[in-house]
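Both counts, for ligands and for their atoms, begin at 1 and track the order of listing.
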Amino acid sequence: MQTLHASKCGLSTAQLPSSILDVIDSLTKAGYEAYIVGGGVRDLMLGLSPKDYDAVTDATPAQIKEVFGRRCRIIGRRFELAHVYSGRELIEVATFRAPPKKAVTSAAGMILRDNNWGTIEQDFARRDFSINAMYYQPRKGEVLDFCNAVDDIKNKTLRLLGDPALRFEEDPVRMLRTLRFAAKLNFSIDPDILEIFTPEMTQLLRDVSPHRLYDESQKLFTMGHLHRVMPMLIDFGIWNQLFADLPTDITAFIEHAAKNTDQRIQMGKTINPAFFYAVLLWKPFLERCEAHLAKGVAPAEARAQAGLDVLKRQATRTIIPRFAETFIREVWEMQTRLLNPKAQQIEALSNHARFRAGFDFLLLREKSGDSSTLGMGVWWEAYQTMSGDEKERAISQYNRQRAKNRRKTVTTDVVEELKGNTATIEPLVKESESRSRRPRKSQSSSGSSQDFRGREQRVKSNSGEIDADHPIMKRKRVQRDLTKVVFGPTK
Ligand code: ATP
Ligand code: MG
């Protein structure tokens with residue numbers, strides 16, 4: 001073990017938020033050892049800004065609770081941890097861990113329960129990569145380095161502690177972490193890892209819970225280097241473990257969406273990981289649509305069924321939460337609505353809660369060369385920047401063109417259907433369908449339907465903003481009062 005001077009590693013307390021210092025100071029004052037460990041130390045040493053800070057201590061969760069009282073909550077079963085609130089921030093505080101007892105590992109060697117407290121040396125040996133196992137005591141200005149990790153930082157190498165095969169068997173998610181950190185930090189992977197990181201090894205991911213794999217997939221999507229990690233996931237055979245039935249040839253659309261996701265993160269914009277799932281599963285969704293249509297299923301029903309089929313298959317790998325599944329199906333359904341809307345629905349559609357995501361998706365399809373969008377991505381893009389008068393003109397021009405096209409072709413095949421020949425405004429997805437397929441806890445379903453009630457209200461009031469003397473309202477064909485148009489799924 002070597003003790004490094006924090007200042008020589010480019011670390012200083014001035015870089016740290018008061019929340020983590022508060023946690024370290026409170027534990028120290030109560031007589032415990034306390035360090036910052038993991039990604040926070042690693043990223044600071046690399047000159048990056050850490051996403052968050054993790055603390056580690058020799059105090060047990062119960063003792064941490066005593067120190068912080070109501071500011072502390074004990075969470076987790078497999079890994080018991082303390083969550084400490086400092087101001088608005090939440091700091092994860094772990095207790096030094098000893099090796100797990102044999103009885104709590106699975107037949108394949110996977111650790112199932114892990115609450116055996118130990119010393120700092122034991123805790124170090126339990127961590128995954130050398131660069132994630134440096135212990136920083138900011139008040140003492142010291143970094144404890146048990147394995148010359150500082151050299152791995154300098155040489156930009158990702159090295160697992162201990163025997164790589166054993167470490168992957170203990171926790172197969174470390175395979176995903178390997179690729180995530182290699183992509184995020186632009187580090188090379190230690191040859192000892194590469195040697196055992198085989199397609200057979202990735203089979204171990206089958207034993208990992210699909211809930212945990214969903215969490216990991218989210219981290220992959222949101223780390224800011226999705227575009228870089230995708231080919232790595234494919235090369236190492238992780239892609240097939242994460243995404244059911246997804247071909248390994250990345251479509252231009254997926255590639256474009258991945259770059260776009262990374263750019264958004266760089267600009268500090270929020271991203272919804274479910275959006276990228278919608279992108280990934282778009283092709284399988286279209287294929288399922290075709291299959292249902294070929295069997296004579298009506299287009300709207302084919303889309304609904306296809307959405308459920310694809311998500312059900314995906315749930316065998318990563319369990320996408322219910323609200324995110326609904327979001328994905330709504331984005332897909334929006335593609336139909338946005339491609340060929342009825343003229344009188346255009347303004348209301350542009351105020352729909354799912355418009356933004358549906359439009360972004362449509363534009364990404366178009367920009368990646370999907371000609372079946374018929375230029376409507378760019379049309380909607382322009383529409384949003386128009387004044388009221390310009391919008392009216394654009395709508396009538398669009399309507400004339402639409403009528404002309406309709407006279408030319410009347411077709412019912414799926415692609416046409418996806419271009420939106422059923423423009424009646426109906427719920428984007430029927431919640432009741434997914435409920436019957438995958439029963440879920442009533443609590444979560446009531447939460448999401450509340451959300452939709454709120455949205456419905458918003459959209460109603462938005463559509464009500466169209467004046468009675470608006471040209472659209474004067475058209476003979478229009479008999480409905482737009483304020484009565486109901487958006488959102490049926491209850
Ligand atoms: P980031 O937060 O930037 O994704 P991180 O390294 O902080 O990266 P966390 O998941 O926050 O990752 O974990 C904190 C620390 O806990 C890690 O740095 C590592 O030391 C340890 N750790 C996390 N997951 C594992 C694991 N599966 N096996 C061993 N150690 C782990
Ligand atoms: Mg972290």
Side-chain angles (χ1 to χ4, degrees), residues 16-17 19-20 23 35-57 75-76 78-84 89-100 105 109-116 118 120-136 143-147 149 152-153 158-187 193 204-205 207-209 211-226 229 238 265 273:
L16 299 171
S19 50
I20 183 73
V23 168
Y35 299 89
I36 307 173
V37 71
V41 187
R42 176 198 71 213
D43 288 354
L44 284 178
M45 285 177 74
L46 286 164
L48 305 170
S49 45
K51 177 172 106 231
D52 51 31
Y53 292 91
D54 301 298
V56 69
T57 175
I75 60 138
R78 178 172 169 258
F79 281 106
E80 207 174 272
L81 279 177
H83 273 177
V84 175
E89 312 234 357
L90 180 126
I91 306 282
E92 214 168 82
V93 185
T95 305
F96 292 146
R97 261 169 235 280
T105 56
M110 204 163 90
I111 299 170
L112 300 175
R113 200 154 325 113
D114 200 359
N115 292 318
N116 205 20
I120 191 168
E121 287 82 5
Q122 288 173 315
D123 185 86
F124 151 75
R126 299 286 322 276
R127 299 206 167 253
D128 48 6
F129 301 99
S130 62
I131 56 165
N132 286 347
M134 287 179 284
Y135 295 74
Y136 174 29
V143 178
L144 308 186
D145 180 358
F146 293 87
C147 60
D152 291 332
I153 292 262
L158 205 56
R159 188 161 58 88
L160 269 169
L161 300 175
D163 173 39
L166 208 67
R167 301 312 307 278
F168 279 176
E169 280 159 20
E170 266 176 12
D171 183 2
V173 165
R174 289 178 187 146
M175 287 184 257
L176 268 80
R177 290 176 66 86
T178 303
L179 301 187
R180 175 153 67 86
F181 292 128
K184 174 178 159 165
L185 308 171
N186 210 4
F187 270 36
I193 301 180
L204 293 178
L205 284 165
D207 295 338
V208 177
S209 105
H211 290 282
R212 189 161 174 226
L213 285 183
Y214 176 77
D215 289 346
E216 288 301 322
S217 69
Q218 275 192 306
K219 290 181 190 170
L220 287 167
F221 296 173
T222 57
M223 70 164 157
H225 296 283
L226 177 55
V229 86
I238 302 268
I265 290 165

Could you list the atoms of ligand 1 found under 4.0 angstrom from a heavy atom of [X]?
X: D52; value: 2 (O)
X: G38; value: 18 (O)
X: G39; value: 5 (P), 6 (O), 7 (O), 18 (O)
X: K51; value: 1 (P), 2 (O), 3 (O), 4 (O)
X: K184; value: 3 (O)
X: F181; value: 6 (O), 8 (O)

Ligand 1 to [X] polar contact by distance, N or O atoms, under 3.5 Å:
X: R177; result: yes
X: D43; result: no
X: K219; result: no

Of the N, O or S atoms in D54, the one nearest the Mg ion (ligand 2):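 Output for this pair reads OD2.
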Give the name of the N/O/S atom in D52 that lies closest to the Mg ion (ligand 2).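 The nearest such atom is OD1.
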Which protein non-hydrogen atom lies closest to atom 28 (N) of ligand 1, naming both residue and atom, and how far is it?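 Going atom by atom, the protein heavy atom closest to atom 28 (N) of ligand 1 ends up being R174 NE, 2.8 Å.
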Check V229 against L179 and note the closest heavy-atom contact, atom names and distance.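 Minimum heavy-atom separation between V229 and L179: CG2-O, 3.6 Å.
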Taking every non-hydrogen atom, the tightest pair across N132 and R127: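 So the minimum-distance heavy-atom pair works out to O-CD, 3.8 Å.
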One thing to verify: whether D43 and K184 come together as a salt bridge, which I'm taking to mean a side-chain N less than 4.0 angstrom from a carboxylate O.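 Counted as a salt bridge, because a side-chain N and a carboxylate O are separated by less than 4.0 Å.
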Could you tell me whether R159 and D152 make a salt bridge, using a distance below 4.0 angstrom between a side-chain N and a carboxylate O?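 A salt bridge is present here (some side-chain N lies under 4.0 Å from a carboxylate O).
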Please work out, at 4.0 Å between heavy atoms, whether the side chain, the backbone, both, or neither of N132 comes within that distance of ligand 1.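 Looking at N132 and ligand 1, atoms from backbone and side chain both fall under 4.0 Å.
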So between D128, L176, D123, whose heavy atom ends up nearest atom 29 (C) of ligand 1?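 Considering heavy atoms of D128, L176, D123, the nearest to atom 29 (C) of ligand 1 sits in D128.
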Using heavy-atom distances, let me know which of E92, R127, R126 sits nearest atom 16 (O) of ligand 1.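 Going through E92, R127, R126 one by one, R127 has the nearest heavy atom to atom 16 (O) of ligand 1.
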Can you find a non-hydrogen atom of R167 under 4.0 Å from ligand 1?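 In this structure, R167 fails to qualify as a contact of ligand 1 - no heavy atom is under 4.0 Å.
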Can you find a non-hydrogen atom of M223 under 4.0 Å from ligand 1?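 In this structure, M223 fails to qualify as a contact of ligand 1 - no heavy atom is under 4.0 Å.
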Aromatic rings Y135 and Y35: how do their planes relate, parallel, tilted or perpendicular, breaks at 30° and 60°?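 Ring orientation of Y135 relative to Y35: perpendicular.
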